[in-house]
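The sequence lines fix the lettering, A, B, ..., with proteins before strands; numbering per chain opens at 1.
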Amino acid sequence: MQVSVYRYNPEENTESRMQDFNLEIPRGKDLMVLDVLELLKEQDASVTYRRSCREGVCGSDGVNMNGRNGLACITPLSDVVKGDSLVLRPLPGLPVIRDLVVDMGQFYKQYEKIKPYLINDEPPPSQERLQSPEERSKLDGLYECILCACCTTGCPSFWWNPDKFVGPAGLLQAYRFLADSRDTATEERLAALEDPFSVFRCRGIMNCVSVCPKGLNPTRAIGHIRNMLVKRVI
Amino acid sequence: MTIRMTRPGRSGILDWLIQRVTAVIVAAFIVAMLVWLLSTGDVTYAAWKGLFATAWMQSFTLLALLATCVHAWIGMWTVGTDYIQTGNLGKYAETLLFLYQLGCALVLIFYLLWGINILWGN
């Protein structure tokens, strides 16, 4: 199989380029893309990428595989390879540090903006803040996000306004706290999102939904936020 | 609205709501026109002129014209702030965005005035 990898090394002072490798893929096995990266590293130890848990939990190895964002460790070759060739690029829309490693700073900045923690100014109860099973179920499909950035870096609105548009991952988390019965900062959170960029740059392109490795639906969460914002003024 | 047009500071909710309301008005106008065209067997100049001579049709057309202009203004502003960026156009982006918005505003004002002239002019 021919694997084409995006290469960039800031220390070499050269422009980025695509490097082709020929790999022997063992027959009868559907390797994960991360396995392919490991095989590449045996050929060329300088190929750089992030990885950690290798089971889709840590969110480190988000890459662009044949034009589609995803986690290399849980993406089988049969899902992405077309015509015996695989093109691996870093996640789009973020500055490249080296090869497939991107600078996630802008992504985290947007995440910080939505205050991703429980805010409750009422006196804490003696044990814990309880939720009914119904209240808890509202967080399903929201809390599972692992912040791999596959959705946000697949979103054209984020490519154009990475400093102003929160992006699907950040907005999914924003709704996770807006929907939490224990959080009392709903008004403050909504006020911070009412400008024309933070939420309203979402055009419902839904790349985020199609690439999320955890099967989450940021577009739906953004729709809920929009409804809350509209109800606030009507 | 125009002064703050390049900065996030105007209300996203208001823009979003205006876009929806104006879209409904324009859609209703298009449907009304289609119904009239289909139900009027022979669309002569006299029939056309008669339709636009009525006060309700003049008001509805003016409303649709205003809705189109406001809808287009918000839409073009959104498109402009997506594509005209310092990231791809460098230091001239701000000036280009201003010129682009000025161009849009002039076209829309001209369109509106022309429409009013057609409705109430001689």
Side-chain angles (χ1 to χ4, degrees), chain A residues 92-96 102-103 105-107 109-110 113-114 152-167 170-171 174-175 178 186-205 207 219 222-234, chain B residues 1-28 63 66-105 108:
Chain A
L94 290 175
V96 177
V102 290
D103 178 358
Q106 190 68 64
F107 174 77
K109 235 183 235 172
Q110 294 297 354
K113 238 195 230 176
I114 61 104
T152 296
T153 58
C155 174
S157 284
F158 183 76
W159 299 340
W160 290 118
N161 287 293
D163 54 334
K164 300 192 201 86
F165 176 52
V166 172
L171 290 171
Y175 185 62
L178 284 167
T186 305
E187 177 54 35
E188 178 191 331
R189 290 181 190 279
L190 289 176
L193 294 172
E194 69 173 7
D195 65 276
F197 286 93
S198 297
V199 174
F200 288 96
R201 277 295 144 142
C202 169
R203 312 271 167 75
I205 297 165
N207 278 2
T219 306
I222 293 168
H224 287 311
I225 299 176
R226 201 184 278 142
N227 287 348
M228 291 176 91
L229 283 166
V230 170
K231 274 189 194 137
R232 201 165 143 261
V233 294
I234 291 179
Chain B
M1 200 148 114
T2 46
I3 298 161
R4 295 189 299 177
M5 63 193 178
T6 57
R7 280 186 285 267
R10 53 194 261 185
S11 165
I13 312 160
L14 200 63
D15 280 3
W16 190 84
L17 281 172
I18 291 171
Q19 284 294 72
R20 267 74 205 161
V21 172
T22 51
V24 169
I25 294 170
V26 174
L63 186 68
L66 281 168
T68 307
C69 290
V70 173
H71 190 92
W73 173 246
I74 296 173
M76 295 305 274
W77 174 81
T78 309
V79 173
T81 47
D82 263 359
Y83 292 104
I84 306 174
Q85 301 262 3
T86 41
N88 55 2
L89 296 165
K91 59 181 177 174
Y92 301 112
E94 194 84 349
T95 316
L96 275 172
L97 187 61
F98 175 76
L99 291 174
Y100 162 84
Q101 287 175 147
L102 187 70
C104 288
L108 292 174

With side-chain contact (heavy atoms from CB on, under 4.5 Å) as the criterion, how do A/F197 and B/T81 come out once you've worked through the C-alpha distance, each side chain's angles and the decisive distance to 0.1 Å? CA-CA 10 Å; A/F197 286 93; B/T81 47; 4.1 Å; yes
Taking all non-hydrogen atoms of both residues into account, name the closest pair between B/Q85 and A/N161 and its distance.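 Shortest heavy-atom separation between B/Q85 and A/N161 comes out as NE2-OD1, 3.0 Å.
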A/R203: side chain to side chain donor-acceptor pair (under 3.5 Å) partners, not counting sequence neighbours: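 A/R203 satisfies side chain to side chain donor-acceptor pair (under 3.5 Å) with B/D82 once adjacent residues are dropped.
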A/V233: partners by side chain to side chain contact (heavy atoms under 4.5 Å, CB included), with sequence neighbours left out: B/I13, B/L17
Just verifying a value: how many Å separate B/L14 CG and A/L229 CG, rounded to the nearest 0.5 Å?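 Rounded to the nearest 0.5 Å, the CG-CG separation comes out at 12.5 Å.
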Non-hydrogen atoms of chain B under 4.5 Å away: do they reach the side chain of A/L193, the backbone, both or neither? neither
